[in-house]
Number of protein chains: 2
Amino acid sequence: MRHNRASNEDRTLPQPDSPNPARGSVASPWDGVADRLRASGLRWTPQRRTLVEVLREHEGHVTATDLIARCRELDRTTTPSTVYRTLDVLENLGLVRHGHAADGREEYHVLPEHVHGHLHCVGCGATWEIRPETGALIVDALAADLGFSVDLTHVTIAGRCQGCQE
Amino acid sequence: MRHNRASNEDRTLPQPDSPNPARGSVASPWDGVADRLRASGLRWTPQRRTLVEVLREHEGHVTATDLIARCRELDRTTTPSTVYRTLDVLENLGLVRHGHAADGREEYHVLPEHVHGHLHCVGCGATWEIRPETGALIVDALAADLGFSVDLTHVTIAGRCQGCQE
DNA sequence: GGTCGTAGCGCAACGCGTTGCAATAGCCAC
DNA sequence: GTGGCTATTGCAACGCGTTGCGCTACGACC
Ligand SMILES: [Mn+2]
Ligand SMILES: [Mn+2]
Ligand SMILES: [Zn+2]
Ligand SMILES: [Zn+2]
């Protein structure tokens, strides 16, 4: 059950002579995670480091199950419950955002730039992102109705795409 | 494992002298189920009868788990997988319609009169039905966008109600 | 570098829903 | 009423996600 990681620091220290964190790489929202966690009394653990390494290599949508599988490749001792709990933490920091696919399974938006919902066709099984303008229409309609503030990202709407209607 | 039911016929025969099926009771969409099933080569089984008896006593929304529990009260040998499969069958006949609550659990609309979606407030946990006119706006917005035909009933949209916004 | 309070870990068990399979039992036709 | 085709059942196992608990180890402070 030992984790033979070299250090508990934020970077993996490939070049110990690299003085500037930003040197040679684009500044990434992931760079500050360790400090942001510690600043709130939370901790930077090997398990969390693994998940963040995995998230770094993803853009857009990933399944929770995929993330767990990928973590397991980097660290075979990975436990699902730990991954789920860490995803919760990262969601509170705004670094990921989860939604539910048509079958209810969790799907993560990594570093979401613009919030969007999904459409799922029960005919062909395809999925689309709802365009921002269309999303805004939905949000507005429900705001006007009950003053309800919709969280589009959490939901995927089912139905039939144009091609699948008779 | 014996089911000591008196008969395999549609009615439970409380008064063997009741000649007219409609006598003394309102005609119910449930009355024809046995025949509708048989007409499609499907079967009318004790397990299905139990579930229909349970559904008869419900109007509006029920959880799959609730239905299973109630079936178990009538017949302690009830098995979840059978209930789920029968619910599928009844959904194909249009007698129930399932959706997903905010946590993903299944919720059944029994004899849905008008199709509607749900709102769920992540603040207070309350749930509302989306009013038909507002639902229509959503349906229209997505029809106009990609020609997508929305199935509102299947989804509940998350967000914050008026009272829960700061 | 050493102490210590507590956040986080792994584990085991649970809840909901689905699926494959062998045995059962509707129901239709005779 | 009997026979036979096959839809349906129960079971066992699985997949996804959550939760409670006792032990570990992060990291703030000295
Ligand atoms: Mn569904
Ligand atoms: Mn959710
Ligand atoms: Zn389609
Ligand atoms: Zn609320």
Side-chain angles (χ1 to χ4, degrees), chain A residues 1-5 7-10 33-52 62-69 71-72 75-93 98-108 154, chain B residues 1-5 7-10 33-52 62-69 71-72 75-93 98-108 154:
Chain A
M1 194 67 39
R2 287 258 52 74
H3 294 272
N4 45 3
R5 297 194 169 282
S7 108
N8 193 26
E9 288 309 308
D10 196 0
V33 191
D35 291 336
R36 290 184 63 188
L37 286 173
R38 286 193 273 251
S40 329
L42 307 179
R43 294 175 188 176
W44 183 236
T45 66
Q47 295 82 352
R48 291 182 175 180
R49 186 200 315 275
T50 301
L51 177 55
V52 167
V62 215
T63 282
T65 304
D66 288 344
L67 291 172
I68 293 169
C71 283
R72 262 208 153 97
D75 173 359
R76 285 188 314 98
T77 73
T78 298
T79 290
S81 56
T82 298
V83 175
Y84 283 112
R85 286 191 276 228
T86 301
L87 284 167
D88 275 356
V89 170
L90 297 178
E91 190 155 15
N92 288 334
L93 296 182
H98 88 274
H100 297 271
D103 56 1
R105 257 181 296 198
E106 290 192 343
E107 202 165 60
Y108 281 84
H154 190 257
Chain B
M1 193 68 40
R2 287 261 50 78
H3 293 273
N4 46 2
R5 298 193 170 282
S7 107
N8 192 28
E9 289 309 309
D10 194 0
V33 191
D35 291 335
R36 289 185 63 190
L37 287 173
R38 285 192 275 251
S40 330
L42 305 180
R43 294 175 188 174
W44 184 234
T45 66
Q47 295 83 349
R48 290 181 176 178
R49 186 199 316 274
T50 302
L51 178 54
V52 167
V62 215
T63 281
T65 305
D66 287 344
L67 290 172
I68 293 169
C71 282
R72 262 208 153 96
D75 174 359
R76 286 189 312 98
T77 72
T78 299
T79 288
S81 56
T82 298
V83 175
Y84 283 112
R85 286 190 278 226
T86 301
L87 284 167
D88 275 357
V89 170
L90 297 178
E91 190 155 14
N92 289 334
L93 296 183
H98 89 274
H100 297 273
D103 56 2
R105 256 179 296 196
E106 288 190 345
E107 204 165 59
Y108 281 83
H154 189 258

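Residue numbers start from 1 in every chain, and the chains themselves are labelled A, B, ... in the order their sequence lines are given, proteins ahead of strands.
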**OP:** Would you mind reading off the distance between D35(B) atom CG and dG26(C) atom C1', rounded to a whole angstrom?
**Re:** 14 Å

Original post:
Below 4.5 Å, heavy atoms only, C-beta onward: do W44(B) and D35(B) meet side chain to side chain?
Top reply: no

Original post:
Separation of R48(A) atom CZ from dG10(C) atom P, in whole Å?
Top reply: 11 Å

Original post:
Given R48(B) and L42(B), is the side-chain contact (heavy atoms from CB on, under 4.5 Å) satisfied, shown in steps?
Top reply: CA-CA 11 Å; R48(B) 290 181 176 178; L42(B) 305 180; 4.3 Å; yes

Original post:
What is the distance, rounded to the nearest whole Å, between atom CG of D103(B) and atom P of dC14(C)?
Top reply: 20 Å

**OP:** Report the nucleotide, chosen from dA7(D), dC26(D), dG10(C), that has the shortest atom-to-atom distance to any side-chain atom of L42(B).
**Re:** dA7(D)

Original post:
dA7(D) P sits how many Å from R43(B) CZ, rounded?
Top reply: 7 Å

Original post:
For the side chain of R105(A) and the backbone of T63(A), is there at least one donor-acceptor N/O pair under 3.5 Å apart?
Top reply: no

**OP:** Start with the C-alpha distance between L87(B) and E106(B), add both sets of side-chain angles, then the distance that settles side-chain contact (heavy atoms from CB on, under 4.5 Å), and finish with yes or no.
**Re:** CA-CA 11 Å; L87(B) 284 167; E106(B) 288 190 345; 5.6 Å; no

Original post:
Mind checking what makes side chain to side chain contact (heavy atoms under 4.5 Å, CB included) contact with R85(A), not counting sequence neighbours?
Top reply: S81(A)

Subject >> side-chain contact (heavy atoms from CB on, under 4.5 Å) assessment of L93(A) paired with L37(A) >> reply: CA-CA 9 Å; L93(A) 296 182; L37(A) 286 173; 3.9 Å; yes

Original post:
Which angle, to the nearest 10 degrees, lies between the helix axes at the two ends of the helix from dG1(C)-dC30(D) to dC30(C)-dG1(D), each defined by five pairs?
Top reply: 20°

Original post:
Once the angle between the rings of H154(A) and H100(A) is folded into 0 to 90°, is it parallel (under 30°), tilted (30 to 60°) or perpendicular (over 60°)?
Top reply: perpendicular

Subject >> Residue whose closest nucleotide on DNA chain D lies nearer the 5' end, T78(B) versus G41(B) >> reply: G41(B)

Original post:
Quick one: is dG10(D) close enough that its OP1 or OP2 comes under 4.0 Å of any side-chain N or O from T82(B)?
Top reply: yes

Dump the pairs, protein N or O against N or O of nucleotides 15-22 of chain C, anything under 3.5 Å, distances to one decimal.
from, atom 1, to, atom 2, distance (Å)
dG17(C), OP1, E106(B), N, 2.4
dG17(C), OP2, Y84(B), OH, 2.4
dG17(C), O5', Y84(B), OH, 3.1
dG20(C), O6, R85(B), NH1, 3.3

Subject >> Presence of Q47(B) side-chain N/O under 4.0 Å of dG10(D) phosphate oxygens OP1/OP2 >> reply: yes

**OP:** May I ask you to verify if any side-chain N or O of R38(B) is less than 4.0 angstrom from the OP1 or OP2 atom of dC27(C)?
**Re:** yes

Original post:
Is the shortest heavy-atom distance from the side chain of T45(B) to the side chain of T82(B) under 4.5 Å?
Top reply: no

Original post:
How far apart are the closest heavy atoms of T78(B) and C71(B), and which atoms are they?
Top reply: OG1-O, 3.4 Å

Original post:
Atom CG of N92(B) to atom C1' of dA7(D): distance rounded to whole Å?
Top reply: 15 Å

